[in-house]
Each structure stands twice: as structure tokens, then as C-alpha cells.
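By convention here, the first residue in the shown sequence is residue 1. Counting convention: from 1, in listed order, for ligands and their atoms alike. What's counted below: heavy atoms across the whole structure, side chains too, no hydrogens, waters or symmetry copies. Everything numeric here is computed off the predicted structure, so don't read it as measured data.
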Amino acid sequence: MKSGKLVQGKKVAEFEKQFAKYCGSKYAIAVSSGTSALHCSLYAIGIKQGDEIITSPFTFVATANAILLANGTPKFVDIDKGTLCLDSQKLEKAINKKTKAIIAVSLYGMPYDQNINQIAKKHGIKVIEDAAQAFGSKVENKKCGNLADLTAFSFYPTKNITSGEGGMITTNNKNHAELCRRFRDHGQSQIRYAYHDIGNNYRMTEIAAVIGLNQLKKAEKMINQRIKNAKTFNQKLKNIKDIALPKIPTNIRHSFNQFTIRTKKRAQVQKHLLKRAIQTGVYYPKSLHLYPHFQKFGYRKGDFPIAEEASKEVLSIPVHPELKKSEIEKIVKEIQTICKN
Ligand SMILES: *Cc1c(COP(=O)(O)O)cnc(C)c1O
């Protein structure tokens with residue numbers, strides 16, 4: 001604060017540098033939120049009115065709202081039953097001449113299906129990863145942030161690392177990076193008042209960057225703790241018939257922003273846990289195509305059966321790095337109790 005430069009100064013530059021290093025990407029551009037990171041990414045690839053962008057209907061609303069903010073048309077494709085991420089096998093049917101990009105969401109920390117990259121390449125379209133929930137996840141040795149053409153991260157307090165509010169875009173493409181930088185700062189490049197195009201105020205403050213830098217230092221420790229907690233849950237809950245646990249392929253590092261079980265007894269389980277002061281979350285209670293501002297594109301109930309079914313069964317239990325051993329034991333015990341009945 002004493003530096004007098006409270007926005008987009010040395011600390012933001014340092015956060016970008018360290019973040020790019022962590023992800024293994026060439027460029028990182030700090031912004032004000034995950035939503036603005038998605039909007040900048042869509043701007044960078046030149047989305048125009050009428051362009052179609054394929055995404056999952058089973059995600060946080062910001063993924064699809066960003067498409068509307070960029071004047072694009074959201075085109076939903078159903079998810080895979082196992083990963084709950086976009087199903088690459090259903091993708092090609094949805095691609096046409098208007099398709100410009102795919103926003104692949106790495107839900108709960110599960111990296112999106114890498115077959116999507118090949119399909120996109122074949123059709124000459126771009127892949128943007130929504131990695132708001134997947135900071136620290138990996139496919140083989142490659143981190144999220146280095147898998148797609150552009151990746152959008154969020155530092156909202158519920159994510160793997162936070163800066164209060166904040167976001168980041170990573171890319172290996174110099175031109176994309178430059179367009180993101182310009183769009184976040186009113187369409188200006190290095191020279192002030194040299195407006196090249198429409199822009200926005202999506203800048204990050206120095207205060208947010210300092211919080212982010214400190215979080216980055218602790219990131220590996222926090223993520224490893226999440227993974228450890230998830231492993232304990234997977235071991236202790238595996239014999240309960242009424243619940244399905246997340247299955248993670250061996251080449252994947254899942255950073256467990258959420259530990260999400262599936263159960264047909266969701267309401268009952270959630271109510272029981274809440275009575276014992278165990279908070280759970282439903283991410284997400286309704287598939288996006290069933291909300292009015294997306295339904296107007298012609299979507300109907302039944303269009304995406306896997307997403308619709310998942311929205312009735314998913315339940316995320318606490319997995320954060322501050323969980324105590326005794327708390328994990330209590331959660332396991334209470335789930336066992338309710339699921340026996
Ligand atoms: C949190 C989140 C966002 C939005 O991030 P904000 O920082 O809240 O704007 C976008 N997509 C997904 C999948 C998210 O979980």
C-alpha cells in the first residue's frame with residue numbers, strides 16, 4: 001500500500017510470473033475474477049455475435065454466462081457419467097460451421113477429457129479450460145493451465161487458492177496473452193489512452209496479488225492435504241452400497257476442490273449431516289439448460305439426461321485442508337449411520 005500503486009503494480013506482475021511458473025505456461029494474466037478470466041479468453045480468440053461455443057450444462061453458471069457476455073451462443077453437450085465432465089464422444093455431433101470454441105470445465109478438480117484437444121484441432125477450433133476448480137490438478141505431468149489454448153482460473157475463497165476476489169488466465173500464445181491484457185484494461189495496450197478496441201475493467205489489485213502470492217507458496221501443501229483427505233474418504237466409505245465415490249484414473253492428479261459423492265438418498269444424507277453440524281454442498285442442483293436465460297435457446301427438459309440425473313444425486317462433503325482427523329472420522333461415522341438405514 002505504501003508503494004502508492006494499488007492496482008496492477010509490482011505485486012500483480014510477480015503473482016503472474018510465479019503463477020505461470022507453477023502451471024508451466026508461458027504467460028499468465030491476472031484479472032479480477034474467474035468470470036472475467038473466461039470473458040477475456042473468449043475475447044482473445046475473437047468471438048463474435050452468432051459464434052457457437054460448446055460447453056457443459058453441469059457447471060457453475062459463470063461458465064455459460066461468460067459466453068453470453070462475449071455475445072456468443074452457448075451450445076450444451078452432455079457430460080460423461082463417470083467424470084461428470086464434458087463427454088468427448090458426444091462432442092463431434094455438436095460441432096458445425098458456427099462452432100468457434102469449446103469451454104471444457106475441469107469440474108471439482110478433475111481435468112477435462114484430453115480427447116477434446118484432438119477433436120478441436122481436427123475441426124480448427126479453440127479449447128478454453130475452465131479450471132476455476134482445478135488449480136494444481138495434472139494430466140500425467142502437465143498441470144491444468146498448460147493443457148488448453150487458454151485456461152481460466154478463479155481465486156474466489158472456495159477455490160484451491162484465493163486472493164479474496166481474483167482470477168488468472170494462462171496461455172502459451174503471445175497474441176492471446178496480449179489481447180487478454182488489453183481487454184482487462186479498457187482496451188489499452190502499453191500506451192495509455194491508445195484504445196484499440198472495446199475493453200473492460202478486469203484489473204487485479206496489489207492487495208489481492210499479495211494474498212495470492214502467499215497462497216501460492218502454500219499451494220502444494222494445501223493440495224496434498226486435500227488429496228490425503230480424499231484418499232481417507234475413499235478408503236473408509238468404499239463399502240457403503242448407497243453411495244458412489246469419485247473414481248480417478250491413475251494418470252490424473254485430482255486436486256479435490258470438491259469431494260463429491262453420488263447417492264439417491266441425497267436429501268436424507270444431507271439433512272442428517274447438517275443436524276450434526278456437517279455442512280455439505282450440492283454442485284449443482286440444476287442443469288444450466290433448464291434456467292430461463294439458457295432455455296430461450298430452445299433447450300428442454302430431457303435434452304441432457306446424464307447432467308439432469310447427476311444434479312439430483314451429487315453431494316460434496318468437506319475435504320478442505322483444515323479438516324481435522326477427528327472431523328473426518330465424524331463425517332465417515334455419520335454417513336455410515338444414515339446409509340445403513
Ligand atoms: C467459481 C467458478 C467460476 C467463476 O469464478 P468467479 O471468480 O466467482 O467469477 C467459473 N467457473 C467455475 C466452474 C467455477 O467454479
remark   = So the salt bridge (charged side-chain N to carboxylate O under 4.0 Å, His left out) pairs with at least one residue in residues 109-132 (sequence neighbours excluded) are E92-K122
note = When rounded to the nearest 0.5 Å, the distance separating CZ of F58 from SG of C85 is 10.0 Å
request  = Could you list all the salt bridge (charged side-chain N to carboxylate O under 4.0 Å, His left out) pairs where at least one residue sits in residues 140-157, not counting sequence neighbours?
outcome  = none
message = Quick check for you: to the nearest 0.5 Å, what is the distance between I103 atom CD1 and I53 atom CD1?
response = 6.5 Å
key: Distance flag, aromatic centroids of F297 and F76, threshold under 6.0 Å   = no
Enumerate the pairs of nitrogen or oxygen atoms, one from ligand 1 and one from the protein, separated by less than 3.5 angstrom; state names and distance to 0.1 Å.
from     : atom 1 : to   : atom 2 : distance (Å)
ligand 1 : 5 (O)  : S154 : OG     : 3.3
ligand 1 : 7 (O)  : G34  : N      : 2.8
ligand 1 : 7 (O)  : S154 : OG     : 2.7
ligand 1 : 9 (O)  : G34  : N      : 3.3
ligand 1 : 9 (O)  : T35  : N      : 2.9
ligand 1 : 9 (O)  : T35  : OG1    : 2.5
ligand 1 : 11 (N) : D130 : OD1    : 3.3
ligand 1 : 11 (N) : D130 : OD2    : 2.7
ligand 1 : 15 (O) : Q133 : NE2    : 2.8
ligand 1 : 15 (O) : K159 : NZ     : 2.7

ask   = With sequence neighbours left out, what residues match H254 under ring pair (Phe, Tyr, Trp, His ring centres under 6.0 Å)?
value = F256
